[in-house]
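Since the structure comes first, as structure tokens, the remarks are kept for the end.
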Amino acid sequence: MDVRKVLLTEDEMPRQWYNILADIKMNPPLGPDGKPISPDALAPVFPMNLIEQEVSSERWITIPDEVLNVLTIWRPSPMVRARSLEKALDTPARIYFKNEALSPPGSHKPNTAVPQAYYNKVFGIKKLTTETGAGQWGSALAFACSQFGLECKVFMVRISFDQKPYRKSLMAAWGANCVASPSRETKAGRDVLEQFPDSPGSLGIAISEAIEEAVGDTSGQTRYSLGSVLNHVMLHQTIIGLEAQKQMKKIGEYPDIVIGCAGGGSNFAGLAFPFVLDKINGKKVEIYPVEPTACPTLTRSPFAYDHGDSAGYTPLLPMHSLGHTFVPAPIHAGGLRYHGMAPTVSQLATEGIIEPKAVTQLAAYQAGVLMARTEGIIPAPETNHALACVVDEARKAKEEGKEKVILFNFSGHGLIDLVAYDKYFSGELKDYVLSQEEEDKFEACLKNYPKPQLLKSR
Ligand SMILES: *Cc1c(COP(=O)(O)O)cnc(C)c1O
């Protein structure tokens, strides 16, 4: 019998994260004066130990035992050969996926929520605030905070708050407090509601609210936590790709193509960055982040300096951005409705080391349903975007008659997103493609900011 699951023992778990900042050149984040910010400027928002990680250029960073101990609740995650999917596609490609759906909240997000809660705890912080799109990050942080005895407050994007009630229940089960954003609890939220009382919200708005609440705690015991985009988040997620490399090696395989869906970039980066290192060192591997055509951050927007949040509280980050005022169409992949992209992922895209793709919502669901009916697991709407690209590549391999090895990240399950599947089955979901009018808007939004340099890492 051919192998289906490739497993690692707990002993074989990676003991260090891979930090891509050791291997690429980056534009610095800028303050309001247009000058590079000093790490100290972030101290009201993040604990110093995480800020140090954010700016570190050490290639390997040790994972604390207390973090490994919690990660072993579900890690190492299996790497699975999608034999039934291959068969349905009648492809000569061998398709493997890392199953990140097995964590208690059901996605890859606890890979960073757990270390973030740990470092805050060690630093003496009592409460974390955050934003959440589809609710996966909020539930991941709620879970992590419960593991380390921290309080947790979550601002959840309104459209998901209404569409995905069960994520609130998860957060409540783990003891967190979740409110819809825009809310009346912060100035950032009130300002939006005054102008747009029916605002569906956006990740950018919710981030503004969560930062405002953290910085506003005069006791100094509250900090903010971000589930994607930042360097330390990408760092924590690399455990996915480092495990996958060991698993590939065990069965004598190496991927020709590595694929992950990309919202802020973290699950993609987590799987891909260790392979990016291989590529930098001369290996041949194609690496595709996949985004929705409704929010085409890497494929349609410029590499620019922009804020990470809609109110403009955060430093200017060098990234592909649709503009911090962009409110994407209400697609169901809430986790992919972010205006920006991780600066590290953006930098790799500008250098052509990775090649971004965009897929439509309906193509994504079609691929997701095929996955459900072959491999059995029901993917999250975000994960479906990676799957649409996998299906494309498997078909291409068939046309070319090539035995390609495809590795993708199964970032989460869709058991709490079944409403979206119902809508897909009843024909209510549609495709959105960014219009020229929207494109003009984000160009206007970004026009007055400094432009990042086009750096070459090699
Ligand atoms: C949040 C989320 C994403 C998108 O976020 P990234 O930071 O781009 O990974 C993708 N898939 C799932 C299941 C998510 O929960």
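Numbering of ligands and ligand atoms starts at 1, following listing order. What you see below is based on every heavy atom in this structure, not just the backbone, and it leaves out hydrogens, waters and symmetry mates. We number each residue from 1, following the sequence as shown.
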Expected output: side-chain [X] to main-chain [Y] donor-acceptor under 3.5 Å:
{"X": "T72", "Y": "R75", "value": "no"}
{"X": "Q361", "Y": "K430", "value": "yes"}
{"X": "N177", "Y": "K153", "value": "no"}

For the 3.5 Å polar cut-off, considering only N or O atoms, please tell me whether [X] and ligand 1 meet it.
{"X": "T383", "value": "no"}
{"X": "G263", "value": "yes"}
{"X": "F268", "value": "no"}

Quick check on contacts: which atoms of ligand 1 are under 4.0 angstrom from a heavy atom of C261?
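Checking each atom against C261, I get 10 (C), 11 (N).
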Relative to the heavy atoms of G412, which atoms of ligand 1 are at a distance of less than 4.0 Å?
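It comes down to these atoms of ligand 1: 13 (C).
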In the protein, what heavy atom is nearest to [atom], and what distance, to one decimal place, separates them?
{"atom": "atom 11 (N) of ligand 1", "result": "S411 OG, 2.7 Å"}
{"atom": "atom 4 (C) of ligand 1", "result": "G335 O, 3.4 Å"}
{"atom": "atom 1 (C) of ligand 1", "result": "K109 NZ, 1.3 Å"}
{"atom": "atom 7 (O) of ligand 1", "result": "S228 OG, 2.5 Å"}

Pair H236-N111, side-chain donor/acceptor within less than 3.5 Å
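Side chains of H236 and N111: no pair found under 3.5 Å.
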Report the residue from V67, I73, N69 that forms a side-chain contact (heavy atoms from CB on, under 4.5 Å) with Q147.
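It is I73, the one option of V67, I73, N69 that forms the side-chain contact (heavy atoms from CB on, under 4.5 Å) with Q147.
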Selected option - heavy-atom contact closest to atom 10 (C) of ligand 1, from E100, H413, E382
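Selected option, by shortest heavy-atom distance: E382.
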Report yes if the side chains of Y313 and E212 come closer than 4.5 Å at any heavy-atom pair, otherwise no.
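Y313 reaches E212 side chain to side chain.
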Once the angle between the rings of Y119 and W17 is folded into 0 to 90°, is it parallel (under 30°), tilted (30 to 60°) or perpendicular (over 60°)?
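Plane angle between 30° and 60°, so tilted.
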Mind checking whether F97 and F410 have ring centres under 6.0 Å apart?
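Distance test on ring centres: under 6.0 Å, yes.
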Check A262 against ligand 1 and report side chain, backbone, both or neither, counting heavy atoms closer than 4.0 Å.
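Just the backbone.
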